[in-house]
Amino acid sequence: MSTIDPSKIFDHAVEVLKENDQGGYTVPTKGLYPFQWNWDSCFTAIGQSHYDEERAWTEIETLFAHQWPDGMVPHIVFHVYSDGYFPGPDVWGTNRPVATSGITQPAVAGFAVKRLYERAADRGMAARRAKALLPKIEAWHRWFYANRDPKGEGLVAILHPWEAGRDNSIDWDEAFERVPTEGIMPFTRRDLQHADPAHRPTKEQYERYLWLVQHFRSLGWDNAKLHDASPFQIVDPGFNAILIRSSADLADLADTLGEAEIAVANRERVSAGLAALESLWSVRHGQYLCRDRTTGKLVESASIGGILPVFAQIPDDRAREIARTIERQAAAAKFIVPSHDPADLRFESKRYWRGPVWLVINYMIVDGLQARGETAIAERITRSSLDLITQSGFAEYYDPMTGEPCGGRRFTWTAAMVLEFLR
Ligand code: 9YW
């Protein structure tokens, strides 16, 4: 039985976005996530551009107003104090004028700003605001390669699962064993007050998340030190693909706006990144895999992270193979694209990033597949995404086997993506 009338989806999505709007930034959902999250905001801006262009630019500008002096854009900005979330500002201890976390998130901003610019009705405003954001996004991209690719391999590493935005992906399980849990402060999780524990990361995972935060804090959040000092260094193909795509989009925008140097620097990163990505391809899985930088080994884990590279300009035959892989998964799941291969015994249909469907991920995959002419499977993913909304509302994520809504409700980035899927 449908919970949302299909003809009302657009209005309903706008209502969710407005409800979570705090003025200059939007919270992912009230209660569970009461602050500004980095990649959420970039997807949110794309959604807002459907009904308020001005507001959409502000969303990204607010995020970049809290960029660190070294170029990093933090994963959370704690604008207004709330004790509803753990770990809060006191745990991070980053000493920023407005409290922020000390790690980053997928670099969606370059892609988002190009999209806002392209569709802007107010061309003058778009040119002015895009031009002001360009050097800031460029500084963030530069930061990534300087601090997370110290040997110049062309690919950057994440140092904390939260950086990938896929908190408890099966991809991290093995490497996470190396992160200790001794010496962590006593803590109370707040997420369990808002969501079902069976849909969330485990206690042990939270202990390791916290150990890394305390470790980085003890190093004064000095990004020049963190990479080599981290027992967790993962080269995630999805994370890199988003950065590569944003670099390509930033280069195009820079050309249009007469910023040649920024264009050249970003194009160089794109070619080095695409070439290096090939070393992560798995013939057996028909997708890319993570590399554990500490051991140098590929991680045998077929997650959405290895499908996401279709969002970047990977070779045509790889894109085709990824389309086939998704078709295979569609035979095993009622709704696509599951965040982990259902054929893997470790797949869990309701537990956060270990199986459930996420609409932001679907959106990037659809964008990539459409660009490659893989329209049938792209349309199937779009239909599946909208079916989830009519069946289960604007949830944080969904069980691919049943379509059941999971995690937080009335979720901002889900609503934003719906506006894009309805386009
Ligand atoms: C947390 C806000 C964030 C997303 C992440 C998602 C989750 C926060 O929520 O992380 O405390 O676990 O994994 O991708 O940005 O929606």
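Indexing begins at 1, ligand by ligand and atom by atom, following the structure's order. Any value given below was found using the heavy atoms of this structure, including those in side chains, with hydrogens, waters and symmetry copies removed.
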**Request:** Classify the ring geometry between His12 and Phe394 as parallel (under 30°), tilted (30 to 60°) or perpendicular (over 60°).
**Result:** parallel

**Those atoms of ligand 1 less than 4.0 Å from some heavy atom in Asp167** = 1 (C), 6 (C), 7 (C), 8 (C), 10 (O), 12 (O), 13 (O)

**Numbered atoms of ligand 1 (with element) below 4.0 Å of Phe411, judged on heavy atoms** = 16 (O)

**Geometric class of the Tyr25/His79 ring pair [parallel <30°, tilted 30-60°, perpendicular >60°]** = parallel

**Asked** Is the cationic atom of Arg200 (NZ for Lys, CZ for Arg) positioned less than 6.0 Å from the six-membered ring centroid of Tyr352 and within 45 degrees of its normal?
**Response** yes

**Message:** Looking at Asp341 and Thr325, would you say the former's side chain and the latter's main chain have a donor-acceptor pair under 3.5 Å?
**Reply:** no

**Request:** Mind telling me whether Phe86 and Tyr206 have parallel, tilted or perpendicular rings, with 30° and 60° as the class edges?
**Result:** tilted

**Asked** What are the atoms of ligand 1, with element, lying closer than 4.0 Å to any heavy atom of Tyr85?
**Response** 1 (C), 11 (O)

**Message:** Does any N or O of ligand 1 fall below 3.5 Å from an N or O anywhere on Gly165, backbone included?
**Reply:** yes

**Request:** Give the C-alpha distance, both sets of side-chain angles, the deciding distance and a yes or no for salt bridge (charged side-chain N to carboxylate O under 4.0 Å, His left out) between Asp292 and Arg178.
**Result:** CA-CA 11 Å; Asp292 187 331; Arg178 282 196 298 272; 2.8 Å; yes

**Request:** May I ask you to check if ligand 1 and Asp40 share an N or O to N or O distance below 3.5 Å?
**Result:** yes

**Message:** For Arg200, which part has a heavy atom under 4.0 Å from ligand 1: side chain, backbone, both, or neither?
**Reply:** side chain

**Fill in**
Closest heavy-atom approach to atom 7 (C) of ligand 1 among Trp162, Tyr352, Trp358, Trp37 is made by Tyr352

**Request:** Using a 4.0 Å heavy-atom cut-off, say whether Gln105 meets ligand 1 through its side chain, its backbone, both or neither.
**Result:** side chain

**Prompt:** Numbering the atoms of ligand 1 from 1, which are under 4.0 Å from a heavy atom of Trp413?
**Reply:** 4 (C), 14 (O), 15 (O)

**Prompt:** Parallel under 30°, tilted from 30 to 60°, perpendicular over 60°: which one fits the rings of Trp211 and His215?
**Reply:** parallel

